[in-house]
Amino acid sequence: MKSKEIRKKFLDFFEKKGHKIVPSSPILSTDPTVLFTTAGMQQFKKYFLGEKSPFGKRTVSCQKCFRTSDIDEVGNESHLTFLEMLGNFSFGDYFKEETIEWALEFLTKVCKIPSSKLWFGYFKGDSDVPEDKESLEILQKSGIPKDRIYGFGREDNFWGPTGEEGPCGPTSEIHYDLTGKPCSEGKKCIPNCDCGRFVEVWNLVFNEYYQDRDKKLTPLKQQGVDTGMGLERLAMVLQGKSSVFETDLFEPIIKEIEKQSSQSRADNPKAFRIMADHIKGAVFLASEGVVPSNLEQGYALRRILRRAIRFGKLLNLPKNSLIPIAQKAITIYQDIYPKVKAQETDILTILQKEEEKFEKTLEKGLKFLQKNIEAFKQFNEAAVKEYGQELPFKGGFAFYMYETYGFPADLTLEELKKYPEISKRLNEKEYWTHFKKRLKEHQEISRAGVEKKFGGVGKEVTHEAAKLHTATHLLHQALREVLGEHVKQMGSDITPQRLRFDFSHPAKLTEDELKKVEDLVNQKIEEDLVVKMEEMSYARALESGALAFFKEKYPEKVTVYAINGWSREICAGPHVNHTGELGQFEITKEESSGAGTRRIRAVLK
Ligand code: SER
């Protein structure tokens, strides 16, 4: 079955069972606590929490996903950064019974997979959450023999939430038996064995809990179903292949790499796979407007692109070979996601420019490295002559190369190995330990820097900043309502701990006024208003009644954040999606901040 047919069959199957087909949402997530869409359920998160779904209680989708968490596993048979996830969803409608039955029906009747090839995992319970006996019973009732059903813990059979909080619950997983033979573990070779015998194809999540920021679970008022099946993995099974890279979703890309390279895929399967996966991922990120940078989504794009280029070097790919490879990825998806075709020129330009930039860095780095190696050799010779002893060589400048030239440590290692005098004394294990230690120290330092002031790299940090920004808008509007329209923003400062807001007002606020302001903000938080962002010209923004910070010079185009008809302000963000995310608002101090200006400090609890 071609992948196009699989997608269609899945959507049709669930449409017939009363599900509304919903198009994939973008990979760039609108949830401020995550950078990318990593699962099909993300665009439906709020419907699991009780908000009414405009699509009805049953939906089905094929979702574009991007997962940086799996980047180091790419290269094996089944892990990817970019993938498509097939999923059916229920928001307070059907639950375990239908979910499991339909999954079996789809796999065995529509896809015609022999039932004997399917093995199952369910949640065996732990100290917080009881065993999912219901799923076990349903599986047994459907005729699955006991010796193909196994209980697993949190690690394997409990899912979610995405981001820092949200719906989650026990899962039942369906695994496909690729080889039909146990590994040396014998009877212990069951799903989740890492020998490669099993591939997990479908994850059936039963959303029964809400996990908050402190990881506390509370039962959800409404039960939900969120399933996810990797299209690439299903294609691998149905096309009788032993890795996702041999399916029609990858074959043309791999073939093109072979054409460009002097090697065949069997010579270095890992490098082929990483290149194919990363270039495809880069095509999709670029198609949504991401450009390589050192921050957030842009950084992810830069990372996969540079990694692809590096592996391309191992395969002796000539310069500029990213373009024809990326074009193959575009051809595979152009009918399904027309945006990749429409954006082709932009995508290819982005790839080309990043390749050129990285090449320059690599060239500079290489020159520096060679010079240093020569210098080291001379010092060493002198040391041997003078003291009869060789200089120690730990490979300490791998980190310097990385930090200064973006020179990956494995390339540095390969260069070093080209010099016999060095290679014979190079302890690879020590080299890596040393490099990793330095890298960790460096990351800790930069993270501390970010946390001191919001720089916007850490996800949690960005979300805390978003909350305080939104709280500032609520405070501004509350002050105007309680004190009067003369209140104008004179300054604002946000740190991870608090917000500080300066505004025009002639007198000290009374206890009563402060309480009214605080109550009004908390009321708006409780109302859980939607925060919407719109882009418009500065003139139109003012016309629409948006507040502006009068000391600021604004660009031609501005973003306006509107809190459900109550507050409108020109602001660069970031903001949360709903005021309900803020928690409790508390004013901690009110004081003077110059003539006719007051200052309020407040926190969120
Ligand atoms: N959310 C689950 C997953 O990503 C099922 O869709 O695996």
- Is any side-chain heavy atom of R303 less than 4.5 Å from a side-chain heavy atom of I71? yes
Closest non-hydrogen contact found for P23 with Q43 is O-NE2, 3.2 Å
Taken in chain and number order and not counting sequence neighbours, the residues that satisfy side-chain hydrogen bond (donor to acceptor under 3.5 Å, both in side chains) with S24 are Q63
Here the pair of heavy atoms bringing G580 nearest to D528 is N-OD1, 2.8 Å
- [ ] Please answer whether the main-chain N or O of S90 pairs with a side-chain N or O of Q223 as donor and acceptor at a distance below 3.5 Å.
- [x] no
Could you check whether E581 pairs with K467 (Lys NZ or Arg NE/NH1/NH2 to Asp/Glu carboxylate O, under 4.0 Å)? no
Spell out, as yes or no, whether a donor-acceptor pair under 3.5 Å connects the side chain of Q42 to the backbone of T38. yes
Taken in chain and number order and not counting sequence neighbours, the residues that satisfy side-chain hydrogen bond (donor to acceptor under 3.5 Å, both in side chains) with Q523 are E527
Heavy-atom neighbours of E526 CD exceed 12 at 6.0 Å: no
Tell me if a side-chain donor or acceptor on D248 pairs with a main-chain N or O of S3 at a distance below 3.5 Å.
yes
- Message: With side-chain contact (heavy atoms from CB on, under 4.5 Å) as the criterion, how do E518 and N522 come out once you've worked through the C-alpha distance, each side chain's angles and the decisive distance to 0.1 Å?
- Response: CA-CA 6 Å; E518 200 178 76; N522 279 319; 4.1 Å; yes
query = Okay, side chain of S287, backbone of K339: is any donor-acceptor separation there less than 3.5 Å?
reply = no
Does V603 reach the side chain of Q497, with side-chain heavy atoms less than 4.5 Å apart? no
Please tell me if the side chains of H278 and L322 come closer than 4.5 Å, counting only heavy atoms from C-beta onward. no
The single option from L475, V517, V487 that satisfies side chain to side chain contact (heavy atoms under 4.5 Å, CB included) with R480 is V487
Donor-acceptor pair, side chain of N207 and main chain of C168, under 3.5 angstrom:
yes
Output for pair (Y561 OH, T470 OG1), nearest 0.5 Å, gives 8.0 Å
Notebook entry, point to check: With distance as the sole test, does N564 use its side chain to make a donor-acceptor pair with the main-chain N or O of V530 at under 3.5 Å?
Noted result: no
d(K46 NZ, F44 CZ) to nearest 0.5 Å is 9.5 Å
> Any donor-acceptor pair under 3.5 Å linking the side chain of R498 with the backbone of D493?
Replying inline: yes
Interatomic distance, CH2@W159 vs OG1@T171, rounded to 0.5 Å, equals 10.5 Å
One should read off an interatomic distance between I274 CD1 and L80 CG, to the nearest 0.5 angstrom, of 11.5 Å
- Would you mind reporting whether Q211 and L217 have side-chain heavy atoms less than 4.5 Å apart? yes
dist Y299:OH -> R306:CZ (nearest 0.5 Å) comes out at 9.5 Å
Donor-acceptor contact present, side-chain E288 to main-chain I27, <3.5 Å
yes
Review point. Is the side chain of Q584 donor-acceptor paired with the backbone N or O of K605 at a distance under 3.5 Å, no angle test?
Key: no
| query | Any chance the rings of F10 and H19 have centres within less than 6.0 Å? | reply | no
Check the angle between the aromatic planes of H469 and H575 and answer parallel, tilted or perpendicular using the 30° and 60° thresholds.
-> tilted
Checklist entry - Under 6.0 Å from the NZ atom of K508, do we count more than 12 heavy atoms belonging to anything else shown? => result yes
Taking the six-membered ring of F13 as reference, does the NZ or CZ atom of K17 fall below 6.0 Å from its centre and within a 45° cone about the axis? yes
Nearest heavy-atom approach of T472 to F501 is CG2-CD1, 3.6 Å
### Query
Would a line drawn from the ring center of H476 to the ring center of F503 be shorter than 6.0 Å?
no
Verdict with supporting geometry, L231 and L83, side-chain contact (heavy atoms from CB on, under 4.5 Å) | CA-CA 7 Å; L231 172 68; L83 59 107; over 6 Å; no
Please examine the side chains of K353 and K357, heavy atoms only from C-beta on, and report whether any two atoms are closer than 4.5 Å. no
* **Salt-bridge criterion met for D512 and K516 (N-O under 4.0 Å)** => yes
**Working for side-chain hydrogen bond (donor to acceptor under 3.5 Å, both in side chains), residues D502 and T597** = CA-CA 7 Å; D502 295 347; T597 308; over 6 Å; no
Taking only distance into account, with no hydrogens and no angle test, what donor-acceptor pairs under 3.5 Å do side-chain atoms of residues 344-351 form with protein atoms, sequence neighbours excluded?
unit_1 : atom_1 : unit_2 : atom_2 : d
E344   : OE1    : K341   : NZ     : 2.7
T349   : OG1    : T345   : O      : 2.6

Check your understanding: When you measure from the side chain of S567 to the backbone N and O of L474, does any donor-acceptor pair fall under 3.5 Å?
Key -> no
**Prompt:** Is there side-chain contact between L520 and Q477, with heavy atoms separated by less than 4.5 Å?
**Reply:** no
Residues at least two apart in sequence or cross-chain that pass side-chain hydrogen bond (donor to acceptor under 3.5 Å, both in side chains) with K221, listed by chain then number, are none
ask   = Taking NZ, NE, NH1 and NH2 as the nitrogens, is one of them in K319 or E355 under 4.0 Å from a carboxylate oxygen of the other?
value = no
Could you go through residues 324-333 and list every donor-acceptor pair under 3.5 Å that involves a side-chain atom there, pairing it with any protein atom two or more places apart or in another chain?
unit_1 : atom_1 : unit_2 : atom_2 : d
T331   : OG1    : Q327   : O      : 2.7
Y333   : OH     : K280   : NZ     : 2.6

V531 side chain reached by N577 side chain, heavy atoms, under 4.5 Å: no
Quiz item: cation-pi between K64 and F284, 6.0 Å / 45°
no
CG (L479) and NZ (K488) are apart, to the nearest 0.5 Å, by 13.0 Å
- prompt: Would a 4.5 Å heavy-atom cut-off, applied to side chains only, mark I304 and L285 as touching?
  reply: yes
The residue among K4, R7, R67, R233 that forms salt bridge (charged side-chain N to carboxylate O under 4.0 Å, His left out) with E84 is R7
Closest heavy-atom pair, C65 versus M85, reported as atoms and distance to 0.1 Å, is SG-CB, 4.0 Å
Exercise for the section: Quick one: sort the F89 and F91 rings into parallel, tilted or perpendicular, breaks at 30° and 60°. Expected result: parallel
Sorted by chain and residue number, the side chain to side chain contact (heavy atoms under 4.5 Å, CB included) partners of E591 (sequence neighbours excluded) come out as K589, R599, R601
From the list F95, F48, F158, ring pair (Phe, Tyr, Trp, His ring centres under 6.0 Å) with F206 holds only for F95
Report task. Could you check L604 against F585 for side-chain contact (heavy atoms from CB on, under 4.5 Å), going step by step and ending with a plain yes or no? Result -> CA-CA 5 Å; L604 290 171; F585 173 83; 4.1 Å; yes
Of all heavy-atom pairs linking A507 and R598, the shortest is O-CD, 3.5 Å
Of all heavy-atom pairs linking K45 and P167, the shortest is CG-CD, 3.9 Å
Quiz item: Step by step, would you call T218 with D212 a side-chain contact (heavy atoms from CB on, under 4.5 Å)?
Solution: CA-CA 8 Å; T218 32; D212 66 18; over 6 Å; no
